Number of protein chains: 2
Amino acid sequence: MKDVAEAAGVALKTVSRVVNGEATVAPETLDRVQQAIRTLGYRRDEGARQLRHGRSQAIALVVRDIADPFFAAIGRAVETRAEEDDLVVMIGSSHDDPAREREVALGFCARRPTGLIIAPIAKRQDYLLPDISAGLAVCAVDRPAQGIPCDAVLSDNAAGVRMAVEHLLRHGHRRIGYLGDDPAVFTARERVAAFRATMAEHGVPVDEHEVRLGAPGREFVAAALRTMFDPSDPVTALVTGNNRITAEVLRHLADAPHRPALVAFDDLELAELLRPGLTVVAQDPVAMGEAVMRLLSSRLADPAREPAEVRIPVRLIPRGSGELRPR
Amino acid sequence: MKDVAEAAGVALKTVSRVVNGEATVAPETLDRVQQAIRTLGYRRDEGARQLRHGRSQAIALVVRDIADPFFAAIGRAVETRAEEDDLVVMIGSSHDDPAREREVALGFCARRPTGLIIAPIAKRQDYLLPDISAGLAVCAVDRPAQGIPCDAVLSDNAAGVRMAVEHLLRHGHRRIGYLGDDPAVFTARERVAAFRATMAEHGVPVDEHEVRLGAPGREFVAAALRTMFDPSDPVTALVTGNNRITAEVLRHLADAPHRPALVAFDDLELAELLRPGLTVVAQDPVAMGEAVMRLLSSRLADPAREPAEVRIPVRLIPRGSGELRPR
DNA sequence: GGTTCACGTGACAACGTTATCCCGGCATGG
DNA sequence: CCATGCCGGGATAACGTTGTCACGTGAACC
């Protein structure tokens, strides 16, 4: 900037004015400065700007795994919106490790971003309190944060599971199994609760061994399927509570002669190519990312606003698998 | 930091020493300062640190689309390695738009990151020259950069296509179609050239209408398949040059009574679940991300080193589709 | 006993930017 | 002709950090 000022024969501050598009610069001076900027290839140092200004024009995004298509889609939506406001996006993955979540989030906070988006894993996010008091806008996504006043954008898990169950009931199924994630996980709790509630509403009793919850993995899924398809009393349909479980179930059933009816929470890439088709309850990660950015803006505009919770609608995409009649 | 110094009754500089783990602090002073840091919830401001130090502890990653599983996997690998060195990762997508690539990359450069990783789309990346002279380490991935001296990490496209073709030849196919991306794309050129070369080596003539190149899309793929499966002289096997084309082909053929033998360049998530199985040439995005990070480190250690090009091996994963005998 | 030396600590400047305050000149109005 | 006001532009300090240098104290050495 000093060099530019020298080249244009003006003071440092005038260059600053030009760079920031302030109106109080005479047209002729403006030209000279812009010329010098081009000649010297000058670009404002955002780091220094941040130091002066207090906050960096950046959004931090802490997800569970950026390679997970769901979070990748959220990331893309966030990035698209962020770019419109000239914000850069910093991304980190917690890999479902609470300590790592904290590490990554605090590492981002040291960059003093404008906003922080977090898909919470840890029990509490109170380690963010100092930064929140210092003006950081925080928004949770996928799950609510605990221990901090914080906006949240969540899928409408209950409605999604209700749609899945009612879809199967409509097609004549009565013995429906539910295979979900560890109940320590917020979304898993919401989804299994909705499963029980919907079944109860329709007067369909639920055997306890028809509901299996656990960490998605080969052993868990294999054991659960053995129980559910016990020849003495097999289920005719299955609802899976997240995409890792769905994938594992599909792997197990890929070469079975008849696949049971299956409705999966969370869409899978290429699900449309599977035969028989896979009916899914699709979340809307793009809408979630956009909602998060809206909440962040509004939070920055009014830091004292009450924490809001936004539920993003989900969508049942019938692809044939629910229509399989009970055997 | 000033507050911490005051609370601990030491000078600013001593706090700095503690924060940076310098050894020249007396144990008793160290304790006092660390106590004050905890009490006040102090964290070093990375922005200010950068200003002093010249470069930010950050890696910028410009990909074509962060929601693409291939780039998401690269992103995760980069992030994992970066975290080990306390580097944050900034991610942006060019969405295959040269102007946007420039915009995003230069926006990152204004943050003065330590390294920039780019999946080039634009014809030339010479807009990075000023930053490179200023000490920015740059590495291209997926495709080489043009107009700048720059390391690159690429898949071994030629070997992959060779494996695909030879796999099909081994299974008795002689009429093999190739469906690839627009030849303006570097990888597309390498792959189709390898197709022709391998066929020629094995003395199998290639009809011109058996090779179709174009932007992946419904119309292009539909037209290409019509030509190739013309009943008068149909191909018995197909090689697809990237995953968007593969997905489109599968969509077209999903409900066909017999699917031709198919080998796809680039793995698809859940490809193992498709029936008939899909044989693929899998790239190794994780290895690519790791190689990129190694190149960046070595570039930082020796900015004058000659640009290097690293080829990452690909792997043929037979899943049955190549074994389909010619009809 | 004086000279080195090592060690722990502190004062200060500088990184690149911008907010605040100030100055000089020109036009306008009485 | 002078007072007033406006406008373009400059000097300075400050944001939070760290590299450089210097200071003071005690111990070890000849």
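All figures in this text were calculated on a predicted structure; none of them were measured in a lab. Below, chains carry the letters A, B, ... as their sequence lines are ordered, and counting in each starts from 1.
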Is there a donor and acceptor pair closer than 3.5 Å between the side chain of B:R17 and the base of C:dG10? yes
Out of C:dA11, D:dC15, D:dT18, whichever nucleotide has its closest atom nearest the side chain of A:R52: D:dC15
Touch class at under 4.0 angstrom, heavy-atom based, for A:A48 against every strand present: base
Specify the angle, to 10°, made by the local axes at the two ends of the helix from C:dG1-D:dC30 to C:dG30-D:dC1 when five pairs are taken at each end. 50°
With a 3.5 Å cut-off and heavy atoms only, can you find an N or O donor on one side and an acceptor on the other between the side chain of A:K13 and the base of C:dA19? yes
Using atom CG of A:L12 as one end and atom P of C:dG16 as the other, report the distance to the nearest whole Å. 10 Å
Can you see whether A:N242 engages A:D266 through a side-chain donor-acceptor pair at a distance of less than 3.5 angstrom? no
note: A:K2, atom NZ; C:dA14, atom P; distance rounded to Å ~ 9 Å
Just by distance, do the side chain of A:R189 and the backbone of A:A184 share a donor-acceptor pair under 3.5 Å? yes
Checking D:dT17, D:dG19, C:dT18 against the side chain of B:M1 (C-beta onward), the nearest is D:dT17
Is any side-chain heavy atom of B:V63 closer than 4.5 Å to one of B:D142? no
To the nearest angstrom, how far is B:N20 atom CG from D:dT17 atom C1'? 9 Å
Protein-proximity profile, nucleotides 22-28 of chain C, B/S/- by nucleotide at the 4.0 Å heavy-atom cutoff, equals -------
With no hydrogens and no angle check, just 3.5 Å: does a side-chain donor-acceptor pair link A:E79 and B:S93? yes
Take atom CG of A:L51 and atom C1' of D:dA14, then tell me their distance rounded to the nearest Å. 9 Å
Does this structure show an ion pair linking B:R100 with A:E83, if we count only N-O contacts that are shorter than 4.0 Å? yes
Among residues 22-46 of chain B, which residues get a heavy atom nearer than 4.0 Å to DNA chain D? B:Y42, B:R43, B:R44, B:D45
Between A:R244 and A:D182, is there a side-chain N and carboxylate O pair less than 4.0 Å apart? no
Whether B:S16 contacts D:dT17 is assessed here as follows: a side-chain N or O lying under 4.0 Å from the phosphate OP1 or OP2. Is that the case? no
So that I can tick it off, tell me whether B:R143 and B:E190 are bridged by a salt bridge, with the cut-off set at under 4.0 angstrom between side-chain N and carboxylate O. no
Does A:E84 have more than 12 heavy atoms from other residues, nucleotides or ligands lying within 6.0 Å of its CD? yes
Begin from the C-alpha positions of B:Y127 and B:E103 and carry the test side-chain hydrogen bond (donor to acceptor under 3.5 Å, both in side chains) through to its verdict. CA-CA 10 Å; B:Y127 55 83; B:E103 205 69 21; over 6 Å; no
Using a heavy-atom cut-off of 4.0 Å across all strands, would you classify B:T14 as base, sugar-phosphate, or nothing? sugar-phosphate
Touch check for B:V10, heavy atoms < 4.0 angstrom, all strands: base, sugar-phosphate only, or nothing? sugar-phosphate
Taken to the nearest whole Å, CD/B:Q50 to C1'/C:dA14 is 15 Å
Any side-chain donor-acceptor pair under 3.5 Å between A:Q57 and A:D86? no
Are A:D151 and A:R305 close enough for a salt bridge, meaning some N to O gap below 4.0 Å? yes
Quick one about B:Q125 and B:E101 (side-chain donor to acceptor, distance below 3.5 Å, no hydrogens or angles considered), yes or no? yes
